[in-house]
There are 2 protein chains.
Amino acid sequence: MKSDLDALMQSKKLDAIVVLGNAEHNPPMYYFTGGGHVSNAALFKKPGQEAVLYCNAMERAEAARSGLKVIPLRTGAVDVLVKTPKDIFIGQGITSGRVGLYGTLDVGDLVAMTGAIRSALPEIELVGEPKEDSIFLRAMETKDKAEVERIRKMGKTTTEVVGMVAKYLMNCEVRDDEVLLKENGAPLTIADVKSKISLWLAERGAADVEGCIFAIGKDAGVPHSVGTPEDLMRLGQTIVFDIFPAEAGGGYFYDFTRTWSLGYATPEAQKLYNEVQDVYNKVVDNLDLNVGFKEYQKLVCDEFHKNGHKTPMHTEGVLENGYVHSLGHGLGLNVHERPWSRHNVADDNILRPGVVITIEPGLYYPEKGMGARIEDSYYVRTDGKMELLAEYPYDFVLPMKKWKKK
Amino acid sequence: MKSDLDALMQSKKLDAIVVLGNAEHNPPMYYFTGGGHVSNAALFKKPGQEAVLYCNAMERAEAARSGLKVIPLRTGAVDVLVKTPKDIFIGQGITSGRVGLYGTLDVGDLVAMTGAIRSALPEIELVGEPKEDSIFLRAMETKDKAEVERIRKMGKTTTEVVGMVAKYLMNCEVRDDEVLLKENGAPLTIADVKSKISLWLAERGAADVEGCIFAIGKDAGVPHSVGTPEDLMRLGQTIVFDIFPAEAGGGYFYDFTRTWSLGYATPEAQKLYNEVQDVYNKVVDNLDLNVGFKEYQKLVCDEFHKNGHKTPMHTEGVLENGYVHSLGHGLGLNVHERPWSRHNVADDNILRPGVVITIEPGLYYPEKGMGARIEDSYYVRTDGKMELLAEYPYDFVLPMKKWKKK
């Protein structure tokens, strides 16, 4: 939680941290500001002290809404730090010691800025923590009730939109060659479906800021293929629908996946789906408080391996089919955050109370034109209960209202 | 244009460039990939050679859509470069020389990565160009016809949505205290209007990825205040509506502002608006091929100064009222890019053919609860004509259909 940051700074022997970039779509900055139209800002914080936000004077009203102490500048704070970092650092009483840098920034600006800081203030040691285990991802790893409530609400929005997509597809007319048709009689494409998803999210105050995966056939067999816009929607093919919207303005995410086959399923696809569902159920039935997240990844790898699939635990090199990813990840202001679930990850990635995680096993066979994944997000409650944050049915075959198998 | 990149690399004596981060919402990467769901990737390019894209194998299908040569990795390329950069650099034949770094990235990852590169490959000199004059903003400064067409289309979408907002407001019922009411009889808030804007953009394949300014009264007097969500819409107050949407998926932006006063205007606000409009017209009437952009900023500063307003050219320190910003900026994959228009900017920011710019003078008096800005985007055509990319009327007072001044 945010209140852990001071202790985390001290554990990393950081005398100060500087968070750089915009207030939106920049989780460490959003963590302090709660969003707002503040760009190229710089936030300074020392352990045990309140944060101070430097920003362009034009954006001072936006910055003030954060409740932080705001220091307006004539240009963006990043510009000042690139050109003449000394005054701001001296103004903050920082002329030596270890200073951690965080946020999201233009790469050229940051390389120039670190050079300028090193030459103006040689006694300062700049510290860059790789994001995946940084003090921010560690603080964010456990959520307070208000944060979980926002994720839960986004889950409700997400499943509402998924239900609308399912209903829309099931009501489509179907051509003789099993292609779905839209209202005007033209073939329904992935692009058509995606524009509806964006629209239905926007109507509910959410946004697919990082896109959305709606992939059919071969694309469904490549876990992060988002789908080919011009692909036609057809019966009897696996559709992987992975939707991870955030609050409009760049807040908390939800993450959710279902796999569908419209009208009917091939026996091979049905078998694949059943395997994924069995493993999903096994994991969910066994989730336990304070257990290492990777224990469940190992469980999944072992199950899939037994059934003859490749897994990251049993195969070296780049995986192009089988179970090719890890079981899940934390979820919050980042769509992917701590705890991590890779089979060889550090032991401190555990299902501690306050954690929100995804559980998303999948199997992928692009050369057979199919893939399947099931994903839900869970809150590890302080009472030890694993709370499913948004319920949604697990049907694989979606029956078509206006079509029957001949 | 993109074809200028090789020469620009050579002019900066760069032996190679590395572009880091996601394909979306990351202009230098989008410039090569055209978007797509590719995250934490790394693109390598040497002068005169084709670019190569390293990505997570899970995202190889998305990456391949760019048409670039793709090298799949078992994890994200950024992760590999943070931990073990040597193999990739050697694979690209880069073990010494000047290497420029670009893109948008997590700050901790980048600081860690530059440390890892410096220690693994000490013969490499890492170069960070401040964004605002980097080779990418220089290449992007001039657009080809296809790029301009995309901006023009976004302009059409933008002005369509602005027209819908105007029509919606003019049709609202008005309470006795001059507060606008929505369909259900409750007061209309800034948040209500903004959610309509997001929705109407989404319906048209656009997104307010960087937000949108819809600010009334005092907020209208602070140029980059985006508006207070709970503020009520009222008659007779200046409303600054600055909308800068991009193509969904993170492509080209448009940028547009109108200032409105609903029902009637106070004489003081009308005077302010007229001054801004007069200066806007003067600038637009005088735009000329190959002139320095800052010449027009100087013209605006001189005009406003003559009328007793503070300006960046005539006042030291942080400006909180008067004319507090510069006249405009280039527009493309970045909402703000070259050419720049500050009065003291480098001489090479000129209105050369192929440039797309905004012209947006404004005056701000937060203590009087008012502000005014007019903004349009122009394409400097190769035949010397300054083409207004999307037409929209300049009415300041929007008459209310269901209300009359008593």
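Just so you know, these numbers use all the heavy atoms, side chains as well, and skip hydrogens, waters and symmetry mates. Values in this document were obtained by computation on a predicted structure and should not be read as measured data.
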Examine whether an atom of [X] lies under 4.5 Å from a heavy atom of chain B, and if so say whether it belongs to the side chain, the backbone or both; otherwise answer neither.
X	value
V226(A)	both
E320(A)	both
V127(A)	backbone
P28(A)	neither
L73(A)	backbone

Shorter than 4.5 Å, heavy atoms on both sides: which option in [options] has the most such pairs with chain A?
options	answer
G108(B), A112(B), P223(B), S195(B)	G108(B)
E132(B), R60(B), E210(B)	R60(B)
V78(B), V222(B), V38(B)	V222(B)
R65(B), E203(B), M113(B)	R65(B)
G103(B), A61(B), A57(B)	G103(B)

[X] portion near chain A, given a 4.5 angstrom heavy-atom threshold:
X	value
K196(B)	neither
T315(B)	backbone
D219(B)	side chain
T228(B)	both
S134(B)	neither

Distance only, no hydrogens: is a donor on one side chain within 3.5 Å (strictly under) of an acceptor on the other, for S198(A) and D208(A)?
yes
Centres of the H25(A) and Y30(A) rings: under 6.0 Å?
no
Centres of the F244(A) and H37(B) rings: under 6.0 Å?
yes
If you measure from the Lys or Arg side-chain nitrogens to the Asp or Glu carboxylate oxygens, is any gap between E129(A) and K12(A) under 4.0 Å?
yes
How long is the span from the OG atom in S341(A) to the NE2 atom in H325(A), to the nearest 0.5 Å?
9.5 Å
Between [options], which shows the greatest number of heavy-atom pairs under 4.5 Å with chain B?
options	answer
G227(A), P366(A), G205(A)	G227(A)
T75(A), T104(A), D106(A), V111(A)	D106(A)
K83(A), K131(A), E59(A)	K131(A)

One pair to check against side chain to side chain contact (heavy atoms under 4.5 Å, CB included): I135(B) and M9(B). What are the steps and the verdict?
CA-CA 7 Å; I135(B) 57 169; M9(B) 285 173 68; 3.8 Å; yes
